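One structure is given below, encoded as structure tokens.
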Amino acid sequence: MNRPIVELVGSGRAVPEKVLTNADLERMVDTSDQWIRDRTGIRERRIASDDETLARMAQCACTQVLEDAQVDVLEIDSIIFGTASPDRLLPSQACDLQAALGADNAAAFDVTAACSGFLYGLAVAEGLVAAGTATNVLVVGGDRLSRITDYTDRATCILFGDGVGATLVRPARNGDRGILSTYIKTDGRLGELLWRPGGGAIHPPSEEMLADHSYFLRMAGREVFKHAVRSMADACDHALIQAGLTTNDVDVLIPHQANLRIIESLTKHAGIPLEKTYINIDRYGNTSAASIPIALDECVREGRIKPGSNILMVAFGGGLTWAATMVRW
Ligand code: ACO
């Protein structure tokens, strides 16, 4: 096994106050609590108010990370923000976070890889540290998909929630603890299985866009489901092989929380018992790039992850993108 180049230190999360339950959704679209629970495992999700911007939620999550890591904000030299639903398109979400934190010595930029954004961010952070470009990198995954969700489309609006999670990446100091392997993949030919047709430079904002809802997320759910299971299982295999480990070595599997049935199929395909798998989709729905770092923070604070635990994190999202990262905490 290779010696890790970087380690993860500290964790943090922030979710909005407002809870949107399945019963609430029953009053908005033609659906039922039973259907949503049976088909997705979701009971409720959090929806950000106007004041709960991504920048504010991320500031809260990063403050917890800095406290955990005992790092001063001025020691942060890079901020990487994985998101597909930034507060504004320009400047980037990471720039707004840098200003909010007062991280005056940090370079800041976004990574757009939808639900895989956090693991892609970790991969970039590892590269920056390996190259000697950065020493203390805040990696954030956050989305406010409620702002780009069509609440007249029952096939998507039941799925998504808002939130942010974060960690710190720095040069490994603790022997064999840190990132043991990273695997990232993309298939851009399948981009239109999960996309936002309008709002970019090809179809800039227009009256027509408001009328046809092309500003919102669209998803071919059944197709995405199949790709998600296959790709995440494959990513787990690659990450384990690269780390020189087997499924028996995994203490905690943290999968992207898109659908409970996807998670159950993944554990079967990957050969990792469900008991080792962390699941919180019932409480938050799919929070996109935030789902893995929120789960990571909950595992750490609940004592499910301890120093030395082997954690396999695996993501899948629009792009299509997918990724797996093996970490010894
Ligand atoms: N309530 C009741 N019925 C519904 C609802 C609903 N909310 N939504 C769809 N249905 C109906 C459909 O209209 C369809 O009816 P029909 O048979 O009469 O045509 C039926 O239920 C079955 O629809 P499917 O789309 O086949 O349902 P499925 O079991 O596939 O579940 C779901 C849909 C939950 C979207 C699932 O496909 C899924 O989770 N897909 C993957 C999502 C994902 O992984 N996303 C990746 C990341 S997201 C990101 O990157 C931002």
Side-chain angles (χ1 to χ4, degrees), residues 20-45 54 82-86 111-121 141-164 184-188 190-197 199 215-233 235 255-267 269 279 281-282 284-292 294-295 313-323:
L20 183 72
T21 65
N22 292 348
D24 295 328
L25 283 162
E26 282 177 349
R27 290 187 281 275
M28 295 161 67
V29 286
D30 179 15
T31 191
S32 67
D33 172 49
Q34 188 73 43
W35 192 96
I36 300 172
R37 279 191 286 118
D38 289 351
R39 307 305 289 173
T40 71
I42 303 169
R43 289 173 183 274
E44 58 188 40
R45 64 291 287 143
L54 265 193
T83 187
S85 52
V111 168
T112 306
C115 305
S116 310
F118 178 70
L119 295 190
Y120 270 59
D143 269 300
R144 205 175 165 201
L145 291 188
S146 62
R147 292 282 160 148
I148 52 168
T149 294
D150 183 350
Y151 284 97
T152 64
D153 174 17
R154 67 177 183 173
T156 53
C157 75
I158 55 148
L159 298 171
F160 302 118
D162 302 330
V164 176
I184 55 174
K185 278 289 263 186
T186 297
D187 190 343
L190 301 175
E192 293 184 9
L193 292 182
L194 173 46
W195 66 321
R196 273 179 79 191
Y215 167 79
F216 294 119
L217 279 174
R218 287 184 184 169
M219 180 168 67
R222 215 173 299 180
E223 298 305 310
V224 173
F225 190 112
K226 280 185 248 160
H227 284 288
V229 174
R230 219 177 300 133
S231 308
M232 286 198 286
H256 170 49
Q257 314 278 318
N259 183 320
L260 183 59
R261 289 185 298 132
I262 292 180
I263 296 174
E264 287 168 348
S265 297
L266 164 68
T267 58
H269 280 75
I279 296 168
I281 189 168
D282 51 323
Y284 300 128
N286 179 349
T287 56
S288 189
S291 92
I292 289 178
I294 287 175
M313 300 184 278
V314 60
F316 178 85
L320 299 178
T321 57
W322 59 102

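In each ligand, atom 1 is the first atom listed, and ligand 1 is the first ligand listed. Here the structure is a predicted model, which means the values were calculated and not measured. FYI, side chains are in, hydrogens and waters are out, and symmetry mates aren't considered; it's all heavy atoms of this structure.
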Element-labelled atoms of ligand 1 that are located less than 4.0 Å from some non-hydrogen atom of [X]:
X    : answer
A114 : 50 (O)
M219 : 42 (C), 45 (N)
N259 : 34 (C), 36 (C), 38 (C), 39 (O)
T40  : 34 (C)
I158 : 7 (N)
C115 : 47 (C), 48 (S), 49 (C), 50 (O), 51 (C)
I262 : 41 (C), 44 (O)
A258 : 43 (C), 44 (O)

Worksheet item: What's the verdict on side chain to side chain contact (heavy atoms under 4.5 Å, CB included) for F160 and L217, showing C-alpha distance, side-chain angles and the deciding distance?
Response: CA-CA 10 Å; F160 302 118; L217 279 174; 3.8 Å; yes
Is the shortest heavy-atom distance from the side chain of [X] to the side chain of [Y] under 4.5 Å?
X    : Y    : value
F225 : R261 : yes
Q257 : I263 : yes
E264 : I279 : no
M219 : L159 : yes
V224 : F316 : yes
I184 : S116 : no
R45  : N22  : yes

Item to complete: Counting heavy atoms only, name the option from R222, H256, R196, K226 that's nearest to atom 22 (C) of ligand 1.
Response: R222
Worksheet item: With respect to atom 33 (C) of ligand 1, which of W322, W35, F316 exhibits the smallest heavy-atom separation?
Response: W35
Can you check whether [X] has an N/O within less than 3.5 Å of an N/O in ligand 1?
X    : result
R261 : yes
G221 : yes
G318 : yes
N286 : no
T31  : yes

Nearest protein heavy atom under 4.0 Å from [atom], yes or no:
atom                    : answer
atom 8 (N) of ligand 1  : yes
atom 37 (O) of ligand 1 : yes
atom 13 (O) of ligand 1 : yes
atom 51 (C) of ligand 1 : yes
atom 43 (C) of ligand 1 : yes
atom 19 (O) of ligand 1 : no

Item to complete: Given side chain to side chain contact (heavy atoms under 4.5 Å, CB included), test S146 with Y151 step by step and report yes or no.
Response: CA-CA 9 Å; S146 62; Y151 284 97; 3.4 Å; yes
Discussion item. Return the CD1 to CG distance between I292 and L119, rounded to the nearest 0.5 Å.
Written reply: 4.0 Å
Worksheet entry | Atom pair CG/OG1 of N259 and T40 - distance to nearest 0.5 Å | 6.0 Å
Worksheet entry | Proximity to ligand 1 by part of V29, non-hydrogen separation under 4.0 Å | neither
Worksheet item: Do other residues, nucleotides or ligands put more than 12 heavy atoms under 6.0 Å from the NE2 atom of H227?
Response: yes
Item to complete: Would you indicate whether R43, at its atom CZ, is surrounded by more than 12 heavy atoms from other residues, nucleotides or ligands within a distance under 6.0 Å?
Response: no
Looking only at protein heavy atoms, which one is nearest to [atom], and what is the separation?
atom                    : result
atom 15 (O) of ligand 1 : R154 NH2, 4.3 Å
atom 46 (C) of ligand 1 : V224 CG1, 3.7 Å
atom 29 (O) of ligand 1 : R39 NH2, 2.6 Å

Discussion item. For a side chain to side chain contact (heavy atoms under 4.5 Å, CB included) check, start with the C-alpha distance between L190 and E223, then their side-chain angles and the critical distance, and finish with the verdict.
Written reply: CA-CA 10 Å; L190 301 175; E223 298 305 310; over 6 Å; no
Worksheet item: Backbone N or O of W322 within a donor-acceptor pair of the S231 side chain at under 3.5 Å?
Response: no
Worksheet item: So is I36 close enough to ligand 1, meaning a heavy atom under 4.0 angstrom away?
Response: no
